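What follows is a single structure, written as structure tokens, with notes after it.
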Amino acid sequence: MKKEEDFFQAVYQIVRLIPFGKVTTYGAIAEALGSKKSARMVGWAMNASHRIPDIPAHRVVNRNGLLTGKMHFSTSEEMQRKLEAEGISVIGDKIQDFERYIWKPIELITLD
DNA sequence: CCGTTGACGCCAT
DNA sequence: TATGGCGCCAACG
């Protein structure tokens with residue numbers, strides 16, 4: 001197992017831990033991995049997540065609650081549709097009441 | 001080898 | 001509020 005693959009698996013594992021009806025951000029995942037400034041690498045890993053089954057990629061958005069990755073789904077509506085199916089309102093590619101649905105993986109580690 | 005490009009985020013203006 | 005620059009770092013031509 002190469003290290004590069006470990007990074008991918010770490011990202012996928014965290015994404016799989018996102019609860020139903022909740023969302024998280026690229027930055028939050030990067031922070032949980034110990035590379036807070038490497039949010040781009042998380043997005044890079046997510047771009048390759050299509051070949052991995054059972055990855056709720058629609059629950060990962062940017063820090064503003066914007067669906068920046070919607071164009072990477074089968075259709076541009078897929079991401080929003082899945083989020084709304086979980087009770088999350090999306091208007092103009094932006095999650096409404098974002099703070100209410102955010103879930104941070106770093107809290108699993110901090111755990112105070 | 002080098003310049004560009006990105007499912008990002010923070011800061012300056 | 002909006003826009004641009006920079007750090008980050010792997011992939012690609």
Side-chain angles (χ1 to χ4, degrees):
Chain A
M1 177 81 84
K2 291 188 295 186
K3 292 181 179 178
E4 297 77 45
E5 296 178 337
D6 289 339
F7 178 80
F8 277 66
Q9 294 305 315
V11 173
Y12 301 150
Q13 181 56 43
I14 290 175
V15 174
R16 272 191 275 251
L17 292 175
I18 305 174
F20 181 95
K22 290 286 185 177
V23 296
T24 192
T25 70
Y26 303 96
I29 294 174
E31 185 175 16
L33 291 176
S35 303
K36 190 177 181 180
K37 295 180 179 179
S38 299
R40 289 192 99 121
M41 295 302 95
V42 176
W44 169 61
M46 291 307 295
N47 189 37
S49 71
H50 290 295
R51 59 192 179 81
I52 309 295
D54 304 314
I55 301 293
H58 60 285
R59 297 190 185 132
V60 184
V61 298
N62 79 346
R63 80 174 186 95
N64 298 308
L66 292 174
L67 281 53
T68 53
K70 56 178 294 187
M71 52 286 278
H72 295 277
F73 286 75
S74 58
T75 70
S76 60
E77 303 173 1
E78 188 74 1
M79 191 173 188
Q80 176 172 337
R81 189 181 65 71
K82 287 185 175 181
L83 287 172
E84 299 196 310
E86 300 188 5
I88 299 176
S89 176
V90 178
I91 300 177
D93 295 343
K94 181 178 173 58
I95 293 177
Q96 302 303 298
D97 202 2
F98 184 53
E99 290 295 319
R100 186 169 124 84
Y101 302 109
I102 189 76
W103 175 83
K104 297 181 179 180
I106 189 66
E107 294 178 355
L108 292 177
I109 304 174
T110 305
L111 197 64
D112 52 13

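Reminder, nothing fancy here: chain letters follow the sequence lines and each chain counts from 1. Because the structure is predicted, anything quoted here is derived from the model rather than measured. Values below: all heavy atoms of this structure, side chains included; hydrogens, waters and symmetry mates excluded.
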Identify all pairs in which a protein N or O lies below 3.5 Å from an N or O of nucleotides 9-13 of chain B, and state each distance.
unit_1, atom_1, unit_2, atom_2, d
dG9(B), OP1, Gly27(A), N, 3.0
dG9(B), OP1, Arg63(A), N, 3.4
dG9(B), OP2, Arg63(A), N, 2.7
dC10(B), OP2, Arg63(A), NE, 3.1

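Of the residues in residues 77-97 of chain A, none has a non-hydrogen atom less than 4.0 angstrom from any atom of DNA chain B.
The side chain of Ser38(A) places no N or O atom within less than 4.0 Å of a non-bridging phosphate oxygen (OP1 or OP2) of dC8(B).
Rounded to a whole Å, the CH2 atom of Trp44(A) is 12 Å from the P atom of dC9(C). dG6(B) atom P lies 18 Å from atom CG of Leu66(A), rounded to whole Å. One interatomic measurement links the two molecules: CZ of Phe7(A) to C1' of dA11(C), which rounds to 14 Å at whole-angstrom precision. Rounded to whole Å, atom C1' of dG6(B) lies 8 Å from atom NE2 of His72(A). Between the CD atom of Glu31(A) and the P atom of dC8(C) there is a distance of 17 Å, rounded to whole Å. Regarding Phe8(A), its CZ atom lies at a distance of 8 Å from the C1' atom of dA10(C), rounded to whole Å. As a whole-Å value, the separation of Met71(A) CE from dA7(B) C1' is 8 Å.
Rounded to whole Å, the C1' atom of dA7(B) lies 22 Å from the corresponding atom of dA2(C).
Atom CD of Glu31(A) is separated from atom CD of Glu107(A) by 10.0 Å, given to the nearest 0.5 angstrom. We find the NZ-CD1 distance between Lys36(A) and Ile106(A) to be 9.0 Å, quoted to the nearest 0.5 Å. To the nearest 0.5 angstrom, Arg81(A) atom CZ is 10.5 Å from Glu86(A) atom CD.
Lys70(A) has a carboxylate O that lies under 4.0 Å from a charged side-chain N of Asp93(A), or vice versa, which qualifies the two as a salt bridge.
Exactly one of Val42(A), Ile102(A), Asn62(A) qualifies for a side chain to side chain contact (heavy atoms under 4.5 Å, CB included) with Thr25(A). That residue is Ile102(A).
With a 4.5 Å cut-off on side-chain heavy atoms, Val61(A) and Thr68(A) do not count as touching.
A 6.0 Å sphere centred on CG of Asp54(A) holds no more than 12 heavy atoms belonging to other residues, nucleotides or ligands.
Set against dA7(B), dA10(C), dC8(C), the side chain of Met41(A) has dA10(C) as its closest nucleotide.
Annotation: Trp44(A) is not in aromatic contact with Tyr26(A) [ring centroid separation under 6.0 Å not met].
Ala57(A) comes within 4.0 angstrom of a nucleotide base, judged by non-hydrogen atoms across all strands. His50(A) comes within contact range of at least one nucleobase, with a heavy-atom separation under 4.0 Å.
With sequence neighbours excluded, the residues forming a side chain to side chain contact (heavy atoms under 4.5 Å, CB included) with Glu84(A) are Gln80(A), Val90(A), listed by chain and number.
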